[in-house]
Novice: 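This structure is in structure tokens; I'll ask about it shortly.
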Amino acid sequence: MALVDSDLTRDLVRARIQGRQSDAAGAAFKGILVACLVTVLAALVALLISVAPAGLDVFSTRGLSDFLLRPFSVRPDKAGVYQGTVGTVTSAVLVAVIAFPMGVAAAVYLEEYASDNWFTRLVNLVIRNLAGVPAIVYGLLGFALFVNGPFSSLTGGTTLLSTGLTLAILVLPIVVITSAEAIRAVPASLREGGYGVGATRWEVTRTLVLPNAMGGMLTGTILALARALGEAAPLFFMGAKTSIFSGGDWFDLRGDFTALPMIISDWSTRPATKWNGNTQAAILVTLVLVLGINTVGIVLRNHFDKKR
Amino acid sequence: MSGGASTTTAEPGPVPPVYRTEDLAVFYGSFKAVRDVNLEIRQNEITAFIGPSGCGKSTVLRCFNRMNDLIESARVEGRLTYHGVDLYDRAVNPVEVRRRIGMVFQKPNPFPKSIYENIAYGPRLAGLARKGPEMDEIVENSLRAAALWDEVKDRLKASAFGLSGGQQQRLCIARALAVGPEVLLMDEPCSALDPIATGRIEDLMQQIKQDYTIIIVTHNMQQAARVSDHCAFFTTEVSEESDTRTGVLVEFDATQQMFSNPSDERTENYVTGRFG
Ligand SMILES: Nc1ncnc2c1ncn2[C@@H]1O[C@H](COP(=O)(O)OP(=O)(O)O)[C@@H](O)[C@H]1O
Ligand SMILES: [Mg+2]
């Protein structure tokens, strides 16, 4: 019996598993995804094409280091972005140092300690909304708090310290949200393992939860940071200067300062024939810096993910 | 033998139970998950909790080392004493409790660390040893106790995730033993394992029984019959007025008795496979 049937069975099975039905919906969906990706990439390429030639021209005629190392000047062929780079890098460090620990602490509290009641749910909602508030509003808040307000004697008014604090507040909601998500992604079974051998809540958090969430927390923070550093709006309120009084001393937190987006916005309003190349070159420098910061983020994440 | 003559004359009176529950009930919020749990756990015995899914076996087990504290909505009523001490007394520190009462979970859950560090984790936090030969000794003894030493002694620094499921579960047992507990709670420790790995865990339980008191939750009646000395059968009852299912302890007895001559009809139906 079985011998006789086996051919029939084989044919039936073959017909079933070899059928090649076309999957129109699947193909269409894939097409849409690819189209979206291409659009995003096209925007990036367009940006680079519009910026790169004039910018690269400045680098090649003056030399990259000349442009990077020279301070402001009223003469376009002498003007550089040194002070802006110093200001942007310094504020990046400031923001990271302020926002990361605070954001992680808030996320740990919300996820590991706070009980789930109307208050914590409200706090979560508020944080999510704060993440969507435009940067210029944070600029105003920073102005009211740090430049002119109660903390101005501490910050010195229009200084990098005010800028760092303001940008830290700007990125804080995103740091809290991404950190909370990274903490939530740590499996409950891992926590149980820790509690099961008599670890306290703090020990479980410190030795199991945080190391396993570190990659996600760092990635979130650094993406937010890179985004914040490109914002010009808050800098207007922080009194970033575009003149020879633009500081430029490393980690001079309480002196005059400027930052790259401020320079770009200033130069772009000057006569285009003379300043266009400089503006584009400054944009390139900003892009590379942001890219560099993101790369650091990816490297850190890989490092922490590998350790798991 | 240090006490001389007096030790030989002491009458071996009845050993007091390790645990005693009196009308223990557990709620999740307003939902009564399990009620009427009255039983005693004896020293150096293996007690099995059996019963259909959802009847509250894990819930009760997680009371025995205050693991339920981690679930915000969980609430305990009735009395649960450990060597006569009310485990849910305000003065009791759940962290101390969990050091004395180890737990092994349904799915092996090693830490994302090396084999060595998995074992060293608990003792280090408890301050039993920091590192060096002292810690090495704890790690070796724990792995030996869990019958895993020979398989892993050459790769202690390797990630615990490289072990097979059965090895991971024995690692989790070793991890629990490393802090020197008196009781071992095991929540369906073999449900994710193949029969050979299951057999090894069961052998292991018999080996360590002289040193530990073990409570095992299992949905496998053969396993309960094979390994346990006492057995608690739970089932669920549907409440008339609220239409919710609540777990109840139906019968608690010596395993032999329970499987050969159960006193409750529901137990008989369950152990003979007519239900559940
Ligand atoms: N964390 C929890 N929150 C709410 N209900 C729960 C929770 N854990 C278990 N339960 C409920 O309690 C009952 C008993 O569950 P459990 O103790 O896990 O049963 P068992 O281990 O016997 O399968 C089930 O109805 C289950 O849905
Ligand atoms: Mg269970």
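Computed over heavy atoms, backbone and side chain alike; hydrogens, waters and symmetry mates excluded. Proteins come first, then strands; the chains are lettered A, B, ... in the order of their sequence lines, and each starts at number 1.
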Novice: Under 4.5 Å from any heavy atom of chain A, what part of B:Ile101 do you find: side chain, backbone, both or neither?
Specialist: backbone
Novice: Honestly, is B:Arg75 close enough over B:Tyr28, meaning NZ or CZ under 6.0 Å from the six-membered ring centre and within 45° of the axis?
Specialist: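 Relative to the ring axis of B:Tyr28, which defines the angle, B:Arg75 lies outside at least one limit.
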Novice: Is it the case that B:Arg175 places NZ or CZ above or below the six-membered ring of B:Phe111, under 6.0 angstrom from the centre and within 45 degrees of the axis?
Specialist: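 Flagged: B:Arg175 positioned over aromatic ring of B:Phe111.
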Novice: Within 45 degrees of the ring normal and closer than 6.0 Å to the centroid, is that where the cationic atom of B:Arg66 sits relative to B:Tyr88?
Specialist: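 Yes; both conditions hold, so B:Arg66 lies above the ring face of B:Tyr88.
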Novice: A:Arg301: what forms a salt bridge (Lys or Arg N to Asp or Glu O under 4.0 Å) with it, not counting sequence neighbours?
Specialist: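 Salt bridge (Lys or Arg N to Asp or Glu O under 4.0 Å) list for A:Arg301, sorted by chain: empty.
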Novice: Using heavy-atom distances under 4.5 Å, tell me whether B:Arg62 contacts chain A through its side chain, its backbone, both, or neither.
Specialist: side chain
Novice: Pick one of side chain, backbone, both or neither for B:Pro110, based on which atoms fall under 4.5 Å of a heavy atom in chain A.
Specialist: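 For B:Pro110, backbone heavy atoms alone lie under 4.5 Å from chain A.
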Novice: Name the region of B:Val95, side chain, backbone, both or neither, that has any atom closer than 4.5 Å to a heavy atom of chain A.
Specialist: both
